[in-house]
Engineer: 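Just dropping this structure here.
Just so you know, these numbers use all the heavy atoms, side chains as well, and skip hydrogens, waters and symmetry mates. All figures in this text were calculated on a predicted structure; none of them were measured in a lab.
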Amino acid sequence: MKSRTFSMSYATSPARLIVACCALPLLIACESTPPELDSSLIPASQRKDYQLTMFKAKACPINLAELIDIRSSKDLLVGSSNVTEDTLYSLLQQSLEAMNVSPDIEAANSVKVVLNRAFIKSLGSNMVATVVLNVKYKPDYADEYSPATTFRGQSMNVNASVSERESNQIAIDAMKTAIDDATKRIKSSLLHNCGNALSELEAV
């Protein structure tokens with residue numbers, strides 16, 4: 001199985017209910033991580049806390065020790081066009097870097113990220129993108145990486161009465177949003193290990 005890597009030295013009624021659950025990706029996540037609401041959907045009373053959490057998550061620097069794509073099929077077929085492996089890989093790299101996770105960062109905490117699954121489905125007139133990342137984490141006090149934790153990101157874009165070229169771009173945009181969703185969850189889950197980085201922020 002081909003994969004790209006960089007590493008540095010450095011039916012019954014219950015069954016129908018389950019199907020219905022997985023057909024509503026914005027309401028229920030069927031992976032290990034709960035859905036994350038867009039900030040515009042969060043009540044005003046909670047929005048400030050949410051934005052502060054995201055600010056802290058983004059500010060916490062983490063070294064990206066490894067990024068691997070282990071999908072059996074590397075391209076995403078959208079109509080008769082593909083969202084290529086290179087495009088998807090670049091979107092993931094950019095999303096991680098935007099959240100301050102990069103091989104260029106010399107931080108005590110590090111992660112290994114595996115692109116496990118990425119797929120796009122049509123749901124009525126909408127296009128639903130899903131990405132699944134497996135992440136191993138090593139804080140500064142540990143000698144080995146943790147067991148892998150699964151993070152799932154999703155998004156839904158309108159895809160009605162558009163050209164093939166527009167459909168391809170909608171797919172790319174949807175996948176980018178799904179990847180951003182997953183990388184935000186990764187960073188939020190690691191806040192308790194950010195240590196001095198967060199202390200300095202809170203002192204400002």
Engineer: Compare every heavy atom of A107 with every heavy atom of N63, then report the nearest pair and how far apart it is.
Structural biologist: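 What the structure gives for the nearest pair is N-CB, 3.9 Å.
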Engineer: Just by distance, with hydrogens left out, do E97 and S102 show a side-chain donor and acceptor under 3.5 Å apart?
Structural biologist: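 Side chains of E97 and S102: no pair found under 3.5 Å.
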Engineer: Please report the shortest heavy-atom distance between V131 and A178, naming the atom on each side.
Structural biologist: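 For V131 and A178, the tightest heavy-atom pair comes out as CG1-O, 3.4 Å.
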Engineer: Between D75 and T84, do the side chains contain a donor N or O and an acceptor N or O under 3.5 Å apart?
Structural biologist: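 Their side chains do not contain a donor-acceptor pair, so the 3.5 Å distance test is not met.
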Engineer: Show your working on side-chain hydrogen bond (donor to acceptor under 3.5 Å, both in side chains) between S189 and Y137 and close with a plain yes or no.
Structural biologist: CA-CA 11 Å; S189 74; Y137 178 70; over 6 Å; no
Engineer: Treating Ile, Leu, Val, Met, Phe, Trp and Tyr as nodes and any side-chain heavy-atom pair under 4.5 angstrom as an edge, say whether F119 and F151 lie in one connected cluster.
Structural biologist: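 Not linked; separate clusters.
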Engineer: Could you report the tightest heavy-atom contact between A182 and L133, atom names first, then the distance?
Structural biologist: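 Heavy-atom minimum between the residues: CB-CD1, 3.8 Å.
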Engineer: How many angstroms lie between atom CG of L64 and atom OG of S110, to the nearest 0.5 angstrom?
Structural biologist: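 Taking CG in L64 and OG in S110, the distance rounds to 9.0 Å.
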Engineer: Which distance, rounded to the nearest 0.5 Å, do you find between the CD1 of I179 and the OG of S95?
Structural biologist: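 If I round to the nearest 0.5 Å, the distance is 6.5 Å.
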Engineer: Atom CD1 in I186, atom OG1 in T149: separation rounded to 0.5 Å?
Structural biologist: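 The CD1 atom of I186 sits 9.5 Å away from the OG1 atom of T149.
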Engineer: Which atom pair, heavy atoms only, marks the closest approach of T183 to L92?
Structural biologist: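 Nearest pair, atom of T183 first, then L92: CG2-CD1, 4.3 Å.
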Engineer: Applying salt bridge (charged side-chain N to carboxylate O under 4.0 Å, His left out), which residue pairs with at least one partner in residues 105-115 are found, sequence neighbours left out?
Structural biologist: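 Qualifying pairs: none.
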Engineer: Are L67 and Y145 joined in one hydrophobic group, where the rule is that I, L, V, M, F, W and Y side chains link up if heavy atoms are under 4.5 Å apart?
Structural biologist: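 Not linked; separate clusters.
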Engineer: Does any non-hydrogen side-chain atom of V113 lie less than 4.5 Å from one of I68?
Structural biologist: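 They are not in contact (no side-chain heavy atoms under 4.5 Å apart), so the answer is no.
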Engineer: Would you confirm whether S155, through its side chain, and T177, through its main-chain N or O, come within 3.5 Å as a donor-acceptor pair?
Structural biologist: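 Checked: no pair found.
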Engineer: Of all the heavy-atom pairs spanning A171 and I120, show the shortest one and how long it is.
Structural biologist: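 Heavy atoms only, the tightest pair is CB-CD1, 3.6 Å.
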Engineer: Considering all heavy atoms of both residues, which atom of N116 and which atom of R71 are nearest to each other, and what is their separation?
Structural biologist: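 So the two residues come closest at O-CG, 3.4 Å.
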Engineer: Look at the side chain of N100 and the backbone N and O of A59, then say whether any donor-acceptor pair between them is shorter than 3.5 Å.
Structural biologist: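 Indeed, once roles are kept as given, a pair shorter than 3.5 Å links the two residues.
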Engineer: For the NZ atom on K138, are there more than 12 heavy atoms of other groups (residues, nucleotides or ligands in this structure) within a distance under 6.0 Å?
Structural biologist: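 Check passes, neighbour count above 12.
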Engineer: If only atom types and distance count, is the side chain of T87 paired as donor or acceptor with the main-chain N or O of V83 below 3.5 Å?
Structural biologist: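 Side chain of T87 to backbone of V83: no pair is present.
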Engineer: Please report the C-alpha distance between M175 and L76 in whole Å, then the side-chain angles of each, then the deciding distance to 0.1 Å, and finally whether the side-chain contact (heavy atoms from CB on, under 4.5 Å) criterion is met.
Structural biologist: CA-CA 10 Å; M175 187 51 64; L76 291 177; 3.7 Å; yes
Engineer: For a side-chain contact (heavy atoms from CB on, under 4.5 Å) check, start with the C-alpha distance between T130 and R152, then their side-chain angles and the critical distance, and finish with the verdict.
Structural biologist: CA-CA 7 Å; T130 302; R152 173 182 176 128; 3.8 Å; yes
Engineer: When rounded to the nearest 0.5 angstrom, what is the spacing between CG in D180 and CD in Q94?
Structural biologist: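 Reported to 0.5 Å precision, the distance equals 9.5 Å.
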Engineer: Please report the interatomic distance NZ(K176) to CG(L91), rounded to the nearest 0.5 Å.
Structural biologist: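 It is 7.0 Å, given to the nearest 0.5 Å.
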Engineer: Is there side-chain contact between M127 and S167, with at least one heavy-atom pair below 4.5 Å?
Structural biologist: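 M127 reaches S167 side chain to side chain.
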Engineer: State, with a plain yes or no, whether a side-chain heavy atom of I105 is found less than 4.5 Å away from one of I62.
Structural biologist: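 Not touching, per the 4.5 Å side-chain cut-off.
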Engineer: One thing to verify: whether D181 and R185 come together as a salt bridge, which I'm taking to mean a side-chain N less than 4.0 angstrom from a carboxylate O.
Structural biologist: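 Answer for the salt bridge query: yes.
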Engineer: Is it the case that one hydrophobic cluster holds both V111 and M99, taking links as side-chain heavy atoms less than 4.5 Å apart, direct or via other members?
Structural biologist: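 As far as the 4.5 Å side-chain criterion goes, M99 and V111 are not connected within one cluster.
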Engineer: For the OG1 atom of T150 and the CG atom of N134, what is their distance to the nearest 0.5 Å?
Structural biologist: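 With rounding to 0.5 Å, OG1 (T150) is 4.0 Å from CG (N134).
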Engineer: Do any N or O atoms from the side chain of S90 and from the backbone of D86 form a donor-acceptor pair under 3.5 angstrom?
Structural biologist: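 Present.
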Engineer: Look only at the side chain of K187 and the backbone of M54, and say whether a donor-acceptor pair between them is shorter than 3.5 Å.
Structural biologist: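 Absent.
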